[in-house]
Amino acid sequence: MQRIILAGLLFGVAATLGGCNQIARDPYSAPVAAAPSSGAPTMPSPPNWPALPAAASCSGPLNDFQKVIWSDVKTGNVNRTVYDSMAADLSRAAGACAAGQDGEALGILRATKTKHGYRA
């Protein structure tokens, strides 16, 4: 019984002292205003890919991922320079897909997703 009381007491003291570890703000410094935004992010132009074969196993995944990253740029979740990097990789993948090299195209797509933190 004494152990339970002692454990409860130690937990209470730890919880009380844990709240004291906050960093105090300087009361005399004014908050820094955010830089003014120029509005919506600049939208990229649609990809200039060769025609992808409808029956190819790489056409659907390429088009689907293009829609995802387009949406991420539109909502501001992806920086335009990151999008441009991904678009260059996807352009190579689209060229391989159009040439009938589905495996290579899917490999480029997988590498691009992994490189930029998307689930492959």
| request: Look only at the side chain of Ser91 and the backbone of Ala87, and say whether a donor-acceptor pair between them is shorter than 3.5 Å. | output: no
For a 4.5 angstrom cut-off between non-hydrogen side-chain atoms, does Asp72 reach Tyr118?
yes
To the nearest 0.5 Å, atom CD of Gln66 lies from atom CH2 of Trp49 at 4.5 Å
Query raised in the report: Should Ile69 and Val82 be marked as a side chain to side chain contact (heavy atoms under 4.5 Å, CB included) after you check the CA-CA gap, both sets of side-chain angles, and the distance that decides it?
Result: CA-CA 10 Å; Ile69 63 173; Val82 173; over 6 Å; no
In short, Ala94 meets Leu52 closest at the heavy-atom pair O-CD2, 3.5 Å
Rounded to the nearest 0.5 angstrom, the NE2-OG distance for His116 and Ser85 is 4.0 Å
Correct closest heavy-atom pair for Ala98 and Pro50 would be CB-CG, 3.7 Å
When rounded to the nearest 0.5 Å, the distance separating OG1 of Thr112 from CG of Asp89 is 3.5 Å
For Thr75 and Asn77, the nearest pair of non-hydrogen atoms, with its separation, is OG1-ND2, 3.0 Å
Here the gap from Lys74 atom NZ to Tyr83 atom OH, rounded to the nearest 0.5 Å, amounts to 13.0 Å
Answer whether the closest heavy-atom distance between the side chains of Met86 and Val78 falls below 4.5 Å.
yes
Heavy-atom count check: over 12 atoms from other residues, nucleotides or ligands less than 6.0 Å from Asn48 CG? no
Practice prompt. Report yes if the side chains of Thr114 and Arg119 come closer than 4.5 Å at any heavy-atom pair, otherwise no.
Written response: no
Cys97 versus Glu104: any side-chain heavy-atom pair under 4.5 Å?
-> no
Output for pair (Leu90 CG, Lys113 NZ), nearest 0.5 Å, gives 9.5 Å
When you compare the side chain of Leu106 with that of Pro61, does any pair of heavy atoms fall below 4.5 Å?
yes
- Do Asp102 side-chain atoms and Ser57 backbone N/O form a donor-acceptor pair below 3.5 Å? yes
Side-chain (Ser59) to main-chain (Pro53) donor-acceptor, under 3.5 angstrom: yes
